[in-house]
Amino acid sequence: MDERSEQSFPDHFIAQRIRKDQQQGKHGGAVVTRFPPEPNGFLHLGHAKSICLNFGMAEAFAGRCNLRMDDTNPAKESSVYADAIERDVTWLGFSYGDHPRHASDYFERLFECAVTLIERGLAYVDSQDQEAIRAQRGTLIEPGTESPYRSRSVEENLALFQAMRAGDFEDGAHVLRAKIDMGSPNLNLRDPVIYRIRRLAHQRTGDSWCIYPMYDYTHCLSDAFEGITHSLCTLEFEDHRPLYDWVLDQFSWDVRPEQIEFSRLELEYTVLSKRHLNALVTEGHVAGWDDPRMPTLAGLRRRGVPPQALRDFCGRVGITKSDGTVEMALLERCIRDALESAPRALAVLHPLPVELLNYPQEREEWFDAPLHPKAPEGAQRRIPFSRHLFIERDDFMETPPKKYKRLSPGEAVRLRHGYVIRCERFDVGADGAPSKLYCTVDLESRAGGATAEQKVKGVIHWVSAAHALPAEVRLYDRLFTDPDPSGVKTEGGFRDVLNPDSLEVCAARLEPALGALAPGEVVQFERLGYFCPDPDSTEASRRFNRTITLRDTWGGK
RNA sequence: UGGGGUGUCGCCAAGUUGGUAAGGCACCGGAUUUUGAUUCCGGCAUUCGCAGGUUCGAGUCCUGCCACCCCAGCCA
């Protein structure tokens, strides 16, 4: 738990503005926000920032935050994604009442508003094709030109719009456009399309509709319908605010929502856009949306990252309007912080056999070891010890560098929670690498023993060969080798900087107590990092995911 | 060449009536440590994109530049 970020009151520019509004009694002092994802993909770290902001503001100002599916485009959306979104928001620790809201809940009201706009001469049916409309929009520096259908009579527009709804036309035959200003320097105001014909079943409304409203028209009205006071969105919508305001200004509201923009999250060595994440999944570069290497909430969860780490992260990143890219180190710091209190265990990822020459073949001992070093008298587990052990391959070197604090010929190290051993000799395998160590053990070296205080090179982890549980352990690394995958200019783009070593699978050996761990429960394998059983782990074949390594201040390895 | 934004330490980010640069991450020391982890102390921007100006005094006000981001979906 990070008390600092949990208790400190958010004080970014949006919080300041909301506080001011509330103090001035705006909206009757009410604060209502909303998190409005489109159910066309899984939520990722970028969404976490928005979720924490929106739900966080509601919490901080004793308000409410709605979860609203922005489901106005049945061509791309599905309930599979909507379900995943609910799961992820809940997992992050936020609640939105009994149900999420849906833009599709408002289709009828949205239609009525459109009719009103038509009646007031503020919207018209354009019967040109997409290309013609695009050509008339003009460019960034040239104004657009008005559609020949712009001056249709209200009666004709009404009849046409009703016919569109009735299903009398094919896709693309007509669109409804807001009549604003084709000469505006803001392209969004050049008579934006607000309804299009899509003869497609919608995941929630089925075949009830064959016309669907566009985002700019739908979003602001949905906010108003729900009494949203502060509509927080990312910077790219700044240009849309005049349109947001234009639509709302055509009606009167008890609560008139206001849009405020903040910069989206960018993180080094990853991609944070649904389009790119979708490509990773679709093209098979990862195993799915919840692949532990994905920056999706589902992936992070499967990896073992606690939700608190993400909330802490979002809090530390802050909210501003400046574009920036956060270093991976900050996220890692938050994850390690949240996991420090996890139980400890011993596991060997790359086993190197060790035989203790002076330890009886049949003898066996069980050591008590605390689950956490800061609670030495607290809960314990038992660790078996015997003549045959495994230690980490990296913990032995024939000719070690100067400050090596591990095992080498003639040197002694302590086995964590156990005895001190000294390496007498070793075998070399066909590949030229050490294949087995022969050591002597000092039976007086455990705590309380005669030689317990002796100085040794260091402390290493180990497991008893006969008692250890075999397990497949997946070691994950960053998915990309370039800090800015989206910025890669080669033909393949981010595909060209995928990290070929983002996944290493190893055959590990675990201390027996680890057999009782449930999927998702994170433990620290001492000196290695944090790990948790994958959901696909079974007693017959244990599978662990590495959540993150321990901080490593040693240059070597 | 249009419109909308942003520029404070390697990264994120405070600074909102002008008064003499918070904090976090990273990094570098040093202490503790049966995890090269954790914890703990200490260090880390004479300077705020640049150039002028106003002022006793400017990151904060004015002027002019420069850099970067977003916008021409019947996507959101």
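Just so we're on the same page: letters track the sequence lines, and every chain starts at 1.
- Checking the phosphate oxygens (OP1, OP2) of B:G36, no side-chain nitrogen or oxygen of A:T553 falls inside 4.0 Å.
- Aromatic rings of A:H174 and A:F169 (six-membered ring for Trp) have centroids within the 6.0 Å cut-off, being under it.
- Looking at the side chain of A:R527, the nearest of the listed nucleotides B:G4, B:C69, B:G36 is B:G36.
- Take A:Y106 and apply the ring pair (Phe, Tyr, Trp, His ring centres under 6.0 Å) test, not counting sequence neighbours, and it matches A:F225.
- Note on A:A75: nothing from the nucleic acid sits closer than 4.0 angstrom, heavy atoms only.
- Figure legend: cation-pi geometry between A:R198 and A:Y212 absent, as NZ or CZ is not positioned both under 6.0 Å from the six-membered ring centre and within 45° of its axis.
- Each of A:P185 and A:D216 has a nearest nucleotide on RNA chain B; the 5'-most of these lies closest to A:P185.
- Annotation: ring pair (Phe, Tyr, Trp, His ring centres under 6.0 Å) contacts of A:F390 (sequence neighbours excluded): none.
- For A:Y215, the ring pair (Phe, Tyr, Trp, His ring centres under 6.0 Å) test picks out A:H219, A:F237, with sequence neighbours left out.
- Mapped onto RNA chain B by nearest heavy atom, A:I460 and A:I141 fall at different nucleotides, with A:I141 at the one closer to the 5' end.
- Listed nucleotides B:G7, B:G36, B:C74 differ in distance to A:S322; the shortest reach to its side chain belongs to B:G7.
- A:R137 has a side-chain polar atom (N or O) that falls below the 4.0 Å cut-off from OP1 or OP2 of B:G73.
- At a threshold of 4.0 angstrom between heavy atoms, the contacts of A:Q524 include nucleobase atoms, whether or not backbone atoms are also involved.
- As judged by a 4.0 angstrom heavy-atom cut-off over every strand, A:K403 is placed among the base-contacting residues.
- The base of B:G73 has none of its N or O atoms less than 3.5 Å from a complementary donor or acceptor on the side chain of A:R134.
- More than 12 non-hydrogen atoms from other residues, nucleotides or ligands lie less than 6.0 angstrom from CD of A:E131.
- At the heavy-atom level, A:V175 lies under 4.0 Å from base atoms of the strands shown.
- Here B:A21 sits opposite no nucleotide as a Watson-Crick or G-U wobble pair (both hydrogen-bonding atom distances under 3.5 Å).
- Judged by distance alone with a 3.5 Å cut-off, no donor-acceptor contact links the side chain of A:E261 to the base of B:G5.
- Nucleic acid contact class of A:F237 (heavy atoms, under 4.0 Å, all strands): base.
- Applying the ring pair (Phe, Tyr, Trp, His ring centres under 6.0 Å) criterion to A:F544, with sequence neighbours excluded, gives A:F525.
- Base contact: A:Q128 has a heavy atom under 4.0 Å from a base atom.
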For every nucleotide of nucleotides 27-32 of chain B, 5' to 3': is a protein heavy atom under 4.0 Å from its base (B), only from its sugar-phosphate (S), or from neither (-)? S-----
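- If you check residues 186-201 of chain A against RNA chain B, the residues with a heavy atom closer than 4.0 Å are A:L187, A:V193, A:R196, A:R198, listed by number.
- Classified by its glycosidic torsion, B:G73 falls in the syn category, the angle being within 90° of 0.
- Scanning both residues, A:R196 and A:P213, for their nearest heavy atoms gives NH1-O, 2.9 Å.
- In this structure, A:L339 and A:P306 have side chains that are in contact, with non-hydrogen atoms separated by less than 4.5 Å.
- When heavy atoms are screened at a 4.0 angstrom cut-off, A:G172 is found touching base atoms of the nucleic acid.
- Using a 4.0 Å heavy-atom cutoff across all strands shown, A:I319 reaches sugar-phosphate atoms only and no base atom.
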